[in-house]
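Structure first, commentary second.
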Amino acid sequence: MPELPEVHTIITDLKNSILGYTILKSLASDRYTIHPDKLSFINGIEGRTINNVNRVAKNILLELDNGRYIHFHLAMTGRLLLREDTKTKDNWTHLAMKLGNGQDIKYLKFTDMRMFGKIGLVDETELTTIRNAHGPDALESNLTTDRFLKLIKSKNSNIKNILLDQAVISGIGNIYATDALFMANINPHTKTKVITSNQAEKLLNAIKTILSESIQHRGSTLPDRMYVDIFGKEGTHQKYFRIYMKEKCPTCKTNVVVEKISGRSTYYCPTCQF
DNA sequence: ATGTTTGTTCCGAT
DNA sequence: CATCGGAACAAACA
């Protein structure tokens, strides 16, 4: 699924494409769970204008002119697609919205093959709940090494798990956690309690560097093409993966170890990461 | 057929 | 009561 850079790309493109557009009509599938329910969702969004688009962790929020927000989470296989007309048939479409600004018409669709994602209409209180469920954003400028160190030591687990825990620090997923640990020369099994301040600084820098690079590359699209931007185009950061999906360490050519950590494929170099 | 998959949440064990 | 780790959620592909 989309991690922070992919969601960031979607948010940026949406801001440039649909601000000031009104939701003229919407069509929702019966197979998908919509919060609070399909009818109140549709009644709550039709006729409303989109005033802003924001990201909270990997959540996408469209701010409406009635103080409420359309909430999307793409999970593993969700997509938001913006179409100029209705000719394109997109598989697994669970919500389609007709948008207009008095001049032109656009169609915004939410599709999700595996249906782990979320569609909802939330108020300010519910948005606060979503915000409070997440730790600081990985790219937040006031996230210092000291604060990062305290955060990762707040739980007793291995560093790979902690990086994926959105309640600790938000925005990082399996791919970027894997690459950041390689860049910081930290073995993914390392318990956070033994991580030093120097290691934390190096890791935080690696996280910020990798996420920023990926944003420059408009995110990563894996061979299954599950992530594409709102125009249906692939990202290019997969060309710049450091160790994710690699067979040999790019630094020392040792065979990369692939193993599951908490059910997620983790790649690391047994020589360079300790 | 079996094993994969970019995420999150819930439930059981400790 | 808090914390941790694995299973489950569902579908397509190799």
Salt bridge (Lys or Arg N to Asp or Glu O under 4.0 Å) pairs, two or more places apart, involving [range]:
range	result
residues 64-76 of chain A	A:R48-A:D65
residues 165-178 of chain A	A:K155-A:D165
residues 129-151 of chain A	A:R55-A:D137, A:E140-A:R147

Sequence neighbours excluded and cut-off under 3.5 Å, please list the side-chain donor-acceptor pairs for residues 167-189 of chain A, or say none.
| residue | atom | partner | partner atom | Å |
| --- | --- | --- | --- | --- |
| A:S170 | OG | A:G135 | O | 3.0 |
| A:S170 | OG | A:P136 | O | 3.4 |
| A:N174 | OD1 | A:K160 | NZ | 2.7 |
| A:N174 | ND2 | A:S265 | O | 3.0 |
| A:Y176 | OH | A:E6 | OE2 | 2.6 |
| A:Y176 | OH | A:S214 | OG | 2.7 |
| A:Y176 | OH | A:S220 | OG | 2.7 |
| A:T178 | OG1 | A:N174 | O | 2.7 |
| A:D179 | OD1 | A:R242 | N | 3.4 |
| A:D179 | OD1 | A:I243 | N | 2.9 |
| A:D179 | OD1 | A:Y244 | N | 3.1 |
| A:D179 | OD2 | A:R242 | N | 2.8 |
| A:N185 | OD1 | A:K202 | NZ | 2.7 |
| A:N185 | ND2 | A:C272 | O | 3.0 |
| A:N187 | OD1 | A:H189 | N | 2.8 |
| A:H189 | NE2 | A:E259 | OE2 | 2.5 |

Worked check of side-chain contact (heavy atoms from CB on, under 4.5 Å) between A:I119 and A:F72: CA-CA 5 Å; A:I119 302 176; A:F72 293 118; 4.1 Å; yes
With a non-hydrogen cut-off below 4.0 angstrom, is [X] in contact with a base, only sugar-phosphate, or nothing?
X	answer
A:N174	sugar-phosphate
A:Y244	sugar-phosphate
A:G173	sugar-phosphate
A:M115	sugar-phosphate
A:R31	sugar-phosphate

Short N-O contact, A:R218 and A:D13, less than 4.0 angstrom: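 Result for this pair is yes, salt bridge flagged.
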Can you tell me the distance, in whole Å, between the [atom1] atom of [X] and the [atom2] atom of [N]?
X	N	atom1	atom2	value
A:H94	C:dA11	NE2	C1'	10 Å
A:M76	C:dA8	CE	P	15 Å
A:L222	B:dT4	CG	P	16 Å
A:R114	B:dT8	CZ	C1'	12 Å
A:K260	B:dT4	NZ	C1'	6 Å
A:R79	B:dG7	CZ	P	16 Å
A:Y32	C:dA10	OH	P	11 Å
A:I172	B:dT8	CD1	P	11 Å

Sorted by number, the residues of residues 146-163 of chain A with heavy-atom contact under 4.0 Å to DNA chain C: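 When residues 146-163 of chain A is checked for heavy atoms under 4.0 Å from DNA chain C, the hits, listed by number, are A:K155, A:N156, A:S157, A:N161.
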Qualifying residues under side chain to side chain donor-acceptor pair (under 3.5 Å), relative to A:K38, sequence neighbours excluded: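 Partners of A:K38 by the side chain to side chain donor-acceptor pair (under 3.5 Å) criterion, ordered by chain and then number, come out as A:D30.
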With sequence neighbours excluded, residues passing side chain to side chain donor-acceptor pair (under 3.5 Å) with A:H134: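 Side chain to side chain donor-acceptor pair (under 3.5 Å) check on A:H134 returns nothing, list empty.
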Check nucleotides 12-14 of chain C against the protein and report each pair of N or O atoms closer than 3.5 Å, with its distance, or say if there are none.
none

Gap between atom CG of A:L64 and atom CG of A:L121 - 0.5 Å precision: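 Reported to 0.5 Å precision, the distance equals 6.5 Å.
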Distance (rounded to the nearest 0.5 Å) between A:K98 NZ and A:T22 OG1: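 Answer rounded to 0.5 Å: 12.5 Å.
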Range-with-range stems of DNA chain C (Watson-Crick or G-U pairs under 3.5 Å, three or more in a row):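 Expected stems, ordered by start: B:2-5 with C:11-14, B:7-14 with C:2-9.
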A:K191 side chain, from C-beta outward: closest of C:dG5, B:dG7, C:dA10: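 Closest of the options to the side chain of A:K191: C:dG5.
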Full working for side-chain contact (heavy atoms from CB on, under 4.5 Å) between A:T49 and A:Y21: CA-CA 6 Å; A:T49 298; A:Y21 278 71; over 6 Å; no
A:K58 side-chain N/O to B:dT8 phosphate OP1/OP2 under 4.0 Å: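 For A:K58, the contact criterion (side-chain N or O under 4.0 Å from OP1 or OP2 of B:dT8) is met.
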Presence of A:H73 side-chain N/O under 4.0 Å of B:dG7 phosphate oxygens OP1/OP2: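 No.
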A:E3 vs A:K58, salt bridge (Lys or Arg N to Asp or Glu O under 4.0 Å): CA-CA, chis, key distance, verdict: CA-CA 6 Å; A:E3 306 182 33; A:K58 302 172 192 170; 5.5 Å; no
Is_stacked (A:F116, B:dT8) at 5.5 Å, 30 deg: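 No, A:F116 does not stack on the base of B:dT8.
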B/S/- contact track for nucleotides 9-14 of chain B, protein heavy atom under 4.0 Å: S-----
For A:R31, all residues meeting salt bridge (Lys or Arg N to Asp or Glu O under 4.0 Å), sequence neighbours excluded: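 Checked A:R31 against salt bridge (Lys or Arg N to Asp or Glu O under 4.0 Å); zero matches.
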Of A:G263 and A:Q166, the one whose closest DNA chain B nucleotide lies more 5':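 Looking at the nearest nucleotide for each, A:G263 comes out on the 5' side.
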Gap in Å between the two P atoms, one belonging to C:dA10 and one to B:dC11, rounded: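 Looking at atom P only, C:dA10 and B:dC11 are 15 Å apart.
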P atoms of C:dC1 and B:dT9, separation to the nearest Å: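 Nearest-Å result for C:dC1 against B:dT9 at atom P: 23 Å.
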Residue A:K25 excluded, over 12 heavy atoms near NZ under 6.0 Å: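 Open.
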Within residues 109-130 of chain A or reaching into it, pairs that qualify as side chain to side chain donor-acceptor pair (under 3.5 Å) - sequence neighbours excluded: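 For residues 109-130 of chain A, and leaving out neighbouring residues, the side chain to side chain donor-acceptor pair (under 3.5 Å) pairs sorted by first residue read A:Y32-A:D112, A:H35-A:E126, A:Y69-A:E124, A:T77-A:D112, A:D90-A:K109.
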